[in-house]
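One structure below.
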Amino acid sequence: MRILIYSYNYYPEPIGIAPLMTELAEGLAKRGHEVRVVTAMPNYPERQIYEDYRGKFYLNEYKNGVQIQRSYVWIRPQPNLLDRIMLDASFVVTSFLPALLGWRPDVILSTSPSLPVCVPAALLGWLRACPVVLNLQDILPEAAVHVGLLKNKFLIKVFAALEKFAYHSASKISVIADGFVENLLSKGVEADKIEQIPNWVDVNFIRPLPKENNPFRNTHNLNGKFVIQYSGNIALTQGLETVIQAAAALRDITDIAFVIVGEAKGLQRLQQYCLECGADNVLLLPFQPRAELPQMLAAADVGLVVQKKNVISFNMPSKIQVLLASGRALIASVPETGTAARAIRQSGGGVIVPPEDAQALAAAVLELYKHPEKVKTLGYNSRQYAMEQYAFEQALNHYEALFESVTSDNQVMEAKVVSKQEV
C-alpha cells in the first residue's frame, strides 16, 4: 500500500507529534508499505529552523525506508498571533506542491495540529481520488480558546469552520482517547466515522532499566537521590512553576532532587523562578539525544505529568505512555476529571493530585519518598499497563487495518461510479 503522511512535525524534532509520526511511518515501511511524509523544515521546540535545514525552500530525504519531503515555513522564535497564522499558512502553501508531485497515494493520513493542514490534505485526496484519515492529537480551536491562546472572535470562527471542514472531508477520524470520542459525538460527527487508537510507545526501546550505574545519574551527580523528573514541553498548559514551588517546600530534604528537562528558552524562565523561590534542589537540563532517553527516564524514581487547571478535559499528553513504559511511578498534577487523570488511574501506576497545588504535589512526593515499596509497585503496574495497552505493534496493527478498511471502501465506491457511467 502507498501511504502518504501529511504531518507538520517529524524527525529530527524530539518531542510531541514528531517521534510518533516518525515511528508510525518507519513501522509501516518495515511492514512493506511505501511511505511518503510531507512535512516542514524541522523547527520545534526551538521555534527556529534547525541549522542543517536553513536556506532551503524544499528538501527531499530518505530515512529508514521513508521518503521525507520537507518545505519551508515562516517561523519566529517568539511568535505573536500573526506569526502563528503565517506559520500555518506558509506550510499549507509550500507543502502542497511536493505533496501533489509525488506518487499517487492509496491513503492519506493527516495530523492535527496543525488544523489548516486539513485543506491541502483534503484537496490532494480529491485530486488523487484517495481517502483521507484525520489523526487528532488535539481538538482545535477548542483547546486553544480554552487556555487563552486564541481570543480573536473572527479567527475563532475561521478555525471553527476549518474544524467542521476537517471532520466532514475526512473518510475516517482517528482519535487518541475516549474524551476525544465524546467531544466529536457532541459535535454531530457520526460514530462509525471515529476510530479510537491510543498513541503508542516502543516498549522495546523505552523499558525499565536499573538505577545503579545509570549514566544519567552519574553525569549529573544524582546517585543516592530520590529523583522526581519532568521531561517535555515548557509552555502555557504545563505550569511548571507548581513543580518548582513544590521543590522549594522540600528543599530541606537533601535526598530529594527535582530534574526538569526541556527547551532552552523555557529553562531560562524557570531558572529565574527557581532563584526567586529558593529551589536549589532543581536541576534544569536541555533535551537529551533520543538514544539516551531510556537511561534518562530510568534515572528517575518518579515521573511527572503536569497540567494547569484550565487545560481542556480531553487533553492527553503523549509523555504518559512513555513514562508508563519506563516502569516508573507517576505523579500527575492534572485535572481530576480529565482524560490524562483517567488514563493514569486506569494504569494503576500513578498518583493524581490537583493541578497548580504545590502543597499537594510536595505531599505526594514526600509520601512516595517515605514508601519505596509503593514506588516499586506503581512502577511495576506502569510497565504492565504500557505493555498491554500502548505497545507500538498493537497500534501499528490498528492503523494497518484502518487503512485497509478505507481503501477497500474507496475501491467499492469507485467501482460503483464506473458502473453507473457504463450504464
Side-chain angles (χ1 to χ4, degrees), residues 1-30 33-79 82-135 137 140 162 165-166 169-170 263 290:
M1 189 184 304
R2 284 183 156 184
I3 302 166
L4 172 64
I5 297 178
Y6 216 126
S7 174
Y8 174 80
N9 299 104
Y10 196 75
Y11 171 90
E13 295 175 341
I15 60 171
I17 299 171
L20 291 168
M21 290 302 110
T22 304
E23 289 171 353
L24 179 60
E26 293 179 356
L28 290 166
K30 282 181 183 176
H33 301 287
E34 195 170 350
V35 183
R36 181 161 62 99
V37 175
V38 174
T39 188
M41 296 293 177
N43 59 78
Y44 190 75
E46 291 86 354
R47 299 191 186 279
Q48 57 183 355
I49 293 175
Y50 290 11
E51 188 174 351
D52 292 345
Y53 294 86
R54 291 173 194 166
K56 300 178 176 72
F57 205 78
Y58 288 113
L59 183 64
N60 198 41
E61 297 178 306
Y62 290 86
K63 181 180 181 292
N64 294 335
V66 177
Q67 181 186 1
I68 309 165
Q69 295 175 291
R70 301 188 186 276
S71 58
Y72 170 82
V73 287
W74 170 284
I75 187 75
R76 293 293 179 268
Q78 294 179 314
L82 179 60
D83 291 329
R84 292 178 187 277
I85 293 170
M86 289 294 293
L87 170 61
D88 281 342
S90 64
F91 183 61
V92 166
V93 173
T94 62
S95 65
F96 186 68
L97 184 61
L100 181 63
L101 294 181
W103 40 252
R104 178 193 178 276
D106 296 308
V107 61
I108 298 169
L109 178 71
S110 172
T111 64
S112 176
S114 151
L115 182 58
V117 168
C118 70
V119 176
L123 180 57
L124 185 65
W126 177 71
L127 290 172
R128 294 294 202 176
C130 68
V132 175
V133 175
L134 175 65
N135 171 244
Q137 296 288 330
L140 299 174
L162 271 176
F165 173 79
S169 59
E263 68 273 17
R290 183 160 177 77

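What you see is a predicted model, and the numbers here were worked out from it, not measured in a lab. Heavy atoms only: backbone and side chains are in, while hydrogens, waters and symmetry mates are out.
Rounded to the nearest 0.5 angstrom, M21 CE and L109 CG are separated by 6.0 Å. Atoms CG and CD1, on L28 and I5 in that order, are 6.0 Å from each other to the nearest 0.5 Å. Within the model, atoms CD1 of I68 and OG1 of T39 stand 8.5 Å from one another, a figure rounded to the nearest 0.5 Å. Considering CD of Q137 and OG1 of T111, their distance stands at 7.0 Å, rounded to 0.5 Å. If you take OH on Y62 and CZ on R36, they are separated by 9.5 Å, rounding to the nearest 0.5 Å. Annotation: the span from I75 atom CD1 to N43 atom CG amounts to 4.5 Å, rounded to 0.5 Å.
Among the candidates V38, L4, N60, the single residue satisfying the side chain to side chain contact (heavy atoms under 4.5 Å, CB included) test with Q67 is N60.
Sorted by first and then second residue, the side-chain hydrogen bond (donor to acceptor under 3.5 Å, both in side chains) pairs with a member in residues 88-99 read Y6-S95, S71-T94, D88-S114; sequence neighbours excluded. Note on residues 18-27: pairs passing salt bridge (charged side-chain N to carboxylate O under 4.0 Å, His left out), not counting sequence neighbours, are E23-R290, E26-K63.
Every residue was checked against the side-chain hydrogen bond (donor to acceptor under 3.5 Å, both in side chains) condition with S169, not counting sequence neighbours, and none meets it. Taking the ring-ring contact (aromatic ring centres under 6.0 Å, His included) definition, one finds that F57 meets it with Y72, sequence neighbours left out. Shown here are the side-chain hydrogen bond (donor to acceptor under 3.5 Å, both in side chains) partners of E61, two or more places apart in sequence or in another chain: Y53, R70. Take Y10 and apply the side-chain hydrogen bond (donor to acceptor under 3.5 Å, both in side chains) test, not counting sequence neighbours, and it matches no residue.
Looking at every heavy atom in both residues, R128 comes nearest to L100 through NH2-O, 2.6 Å. Across all their heavy atoms, Y58 and M41 have their closest contact at C-CE, 3.9 Å. In terms of heavy-atom proximity, A29 sits nearest to N64 at CB-O, 4.0 Å. V119 and F165 get closest at one heavy-atom pair: CA-CE2, 4.0 Å. What you find for V92 and P116 is that their closest heavy atoms are CG2-O, 3.5 Å. Heavy-atom minimum distance, L140 versus P113: CD1-CB, 3.7 Å.
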Verdict with supporting geometry, V73 and Y8, side chain to side chain contact (heavy atoms under 4.5 Å, CB included): CA-CA 10 Å; V73 287; Y8 174 80; 4.0 Å; yes

Working for side chain to side chain contact (heavy atoms under 4.5 Å, CB included), residues L24 and N135: CA-CA 12 Å; L24 179 60; N135 171 244; over 6 Å; no

Dump the intermediate steps for side chain to side chain contact (heavy atoms under 4.5 Å, CB included) on Y44 and E263, then the final yes or no. CA-CA 9 Å; Y44 190 75; E263 68 273 17; over 6 Å; no

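Between P45 and P14 the shortest side-chain heavy-atom distance falls below 4.5 Å. Put simply, the side chain of C130 does not reach to within 4.5 Å of the side chain of D106, judged on heavy atoms.
Taking a 6.0 Å sphere around NZ of K56, one finds it holds more than 12 heavy atoms contributed by other residues, nucleotides or ligands. Enclosure of atom CH2 in W126 is not indicated, since only 12 or fewer non-hydrogen atoms of other residues, nucleotides or ligands lie within 6.0 angstrom.
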